[in-house]
Amino acid sequence: MMERILKGKIREAIKVLYNSDVNNDLIQIQVTRKDFKGDFTLVVFPLLRFSKNTPEKTGETIGNHLVSTFPAISGFNVIKGFLNLEISGKWWTGFFSEMASQSDLLAKCRVPDPEVILVEYSSPNTNKPLHLGHIRNNLLGFSLYRILSACGHKVIKTNIVNDRGIHICKSMLAWQKYGNGETPESSGMKGDHLVGKYYVIFEKEYKQQIEALVNKGMQEEEARNSAPLMKEARDMLVKWEAGEKEVMELWRMMNSWVYAGFDETYRTLGVDFDKIYYESDTYKIGREIVLKALDIKILYTHDDSSIWVDLSGEGLDQKLLLRNDGTAVYMTQDLGTAVLRQEEYGFSRCLYVVGNEQNYHFQVLKAVLRRMGYRWSNGLFHFSYGMVELPEGKMKSREGTVVDADDLIVEMKETAREVSLELGKLSEYSGVEKEEIFRKIGLGALKYFILKVDPKKNMTFNPAESIDFNGNTGPFIQYTYARIKSVFRKAEQTGIEYDPGLLGKARAGEKEIAMIKLLRRFTQTVDEAASIYSPALLANYCYDLAKEYNQFYHDFSILGESDPATRNLRMALSKVTSEVLSKGMWLLGIEMPERM
RNA sequence: GGUCCUAUAGUUCAAUGGAUAGAACGGAGGUUUCCUAAACCUUAAAUCCAGGUUCGAUUCCUGGUGGGACUACCA
């Protein structure tokens, strides 16, 4: 790594010039900004205390010393307090030959001490289909999995399905009353959508009952509780918890419909899981640990015998962990899931990909586990991401403003088809091939749009405008890739061969060196994306690289270049760029079409 | 009330405490006998306010203001 070498040389230089030992933190090396001459920049301000001189003089002195002692540095200039070091073209081409010959681009990213890391993502409710918010969740979770795996960690993708509770009973009850035995087969509906339909029917009927009661003079609060449908739903939950046969069978049947539907969505989205947990299993474990903790006086009971934890010492509140009837709440099952996972995998880190609306929940979860003495709770990390909002505000299922995941994916593919057919570049390909290309482009646009944004920020999705295929978009990067592939097809046709052996002989021009510099940043970007959990970093890197390559492609002929060494260099640059783009996008879960 | 997140061109997004705050879309204008114009080039346009720390602040700290979330015996 050039930065590290430079740091060492500069340390030596300061030792010799000023007879001082410098802390590494004070040697700040950065990539030289565009518009300035040079490759790496040393910020000299922090070193003035050693030189006891002006920034200009200090830069000058260090620059001169470096040029005379380190051959890779071919020159320098000092502007204000910035020492811009110029690295010789030979060093760059040398670096690039090495990179071009490497079979595994990510080899440098492997950490010396791999960890076992669990990533929990998706976490759907089984009473309604997935929506745009879940898409962000799934894409982030899956991409984190790929990025952390690329760094050599053993990463386990898990999903926790919220498959129990009153909300599930609502769909079940509505289906029982109004469904007339409708099934996914009989209706032709996707299972999760069918179940979601009955959830909506329940809410509609329930609302009518409340209104009727209020009109008879009842208070709204009371009406809400005494509406017949709600009573029936509660009865059903009691029966479910008691394991009553009929209810369990209905529950299993409708759940199986939902899971089949989810599986389809996951498949089209290109995400999967190594291990799926069900809340209906883990809440029992949660109950046990809560009772155990009560025995050793970590928790306390209220007058009504419900069980609580007092976290006011940690700046949090009291929190209920088990109801007075012994039934579990959300926190109970998450405690159980965490403990179960630790037993099964012995993870050192567990990432919860869950929206920022649950920040408080995860603070409490961690605090309770710590209180209970689980050391590994330190490794729990809430990967808190922002909401996806519509231009008119938050998505609300009650107001029907939810963007359905399946619909959106279909629309994306359709738009890709329209754009593509209009451009008319694919006429020679078969229907199947074309469909595959449309799919990759449509999904690529959607995925990139979501992943390029800093995860912790809320983002806006405008159905009419957000999905573009020009500019800073997935298809832009895919297009760059497809063009490179096209160059190599052309090379094959015309019999131009790429000869890596000639790389050493090429002299790189300014633009070629710019490309090399950018390519060099790939592994650093992967490392950083892993350490700060940010796929967005990688997405933006891929864009920068594609942008740079497009300029290069526009300004220079690759195959048309007559000098064999230069042509080879340009071909190598194209090849490595395509590999980096493809690998980078792969880390985001985005596929690349060979042509478009 | 308390806690957390957030505020950058008209819009959607960038910027390890560093130089002249980058892109894209949209606006205005231009490039195609040449490896894919889903591209490339030119151009106008922005750091919420007030303090503080620093040689240097969009970035860190404090206080405001605006937006969002949480503060459920829902999940």
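Residue numbers begin at 1 in each chain, while the letters A, B, ... track the order of the sequences.
Here A:Y360 lies in heavy-atom contact (under 4.0 Å) with sugar-phosphate atoms only. Within the nucleic acid shown, A:Q30 comes within 4.0 Å of at least one base atom, counting heavy atoms only.
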Check your understanding: When Watson-Crick pairs (N1 to N3 and N6-O4 or O6-N4) and G-U wobble pairs (N1-O2 and O6-N3) count only below 3.5 Å on both distances, what is the dot-bracket string of RNA chain B, with | for other-strand pairs?
Key -> (((((((..((((....[...)))).(((((.......)))))....(((((..]....))))))))))))....

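Among the nucleotides B:A39, B:C4, B:A75, the one closest to the side chain of A:N359 is B:C4. Side chain of A:F476, nearest nucleotide from B:C35, B:C40, B:C25: B:C40. With B:G18, B:A75, B:A24 as the candidates, the nucleotide lying closest to the side chain of A:V43 is B:G18. Among the nucleotides B:C35, B:U20, B:A23, the one closest to the side chain of A:S486 is B:C35.
Partners of A:E594 according to the salt bridge (Lys or Arg N to Asp or Glu O under 4.0 Å) rule, which considers only residues two or more places apart in sequence or in another chain, do not exist here.
With hydrogens and angles left out, the side-chain atoms of A:Y300 and A:D310 include no donor and acceptor closer than 3.5 Å.
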Under 3.5 Å, which protein N or O atoms sit close to an N or O of nucleotides 55-60 of chain B? Give each pair with its distance.
none

All N/O pairs under 3.5 Å across the protein-nucleotides 27-29 of chain B interface:
none

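Salt-bridge formation is not detected for the pair A:E389/A:K394: no Lys NZ or Arg NE/NH1/NH2 atom is positioned less than 4.0 Å from an Asp or Glu carboxylate oxygen. In this structure, A:K207 does not pair ionically with A:E203, as no charged nitrogen and carboxylate oxygen lie closer than 4.0 Å.
By the stacking rule of 5.5 Å between ring centres and under 30° between planes, A:Y553 does not stack on the base of B:A39. Evaluation of A:F36 against the base of B:A19 yields a stacking contact (centre distance < 5.5 Å, interplanar angle < 30°).
The stretch residues 312-327 of chain A comes close to RNA chain B through A:D317, A:L320, A:R323, each having a heavy atom under 4.0 Å from the strand.
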Check your understanding: What is the per-nucleotide protein-contact pattern of nucleotides 6-14 of chain B, from the 5' end, where B denotes a base atom under 4.0 Å from a protein heavy atom, S denotes such proximity for sugar-phosphate atoms only, and - denotes neither?
Key -> SS-----SS

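Between B:C13 and B:C70, the two C1' atoms lie 26 Å apart (nearest whole Å).
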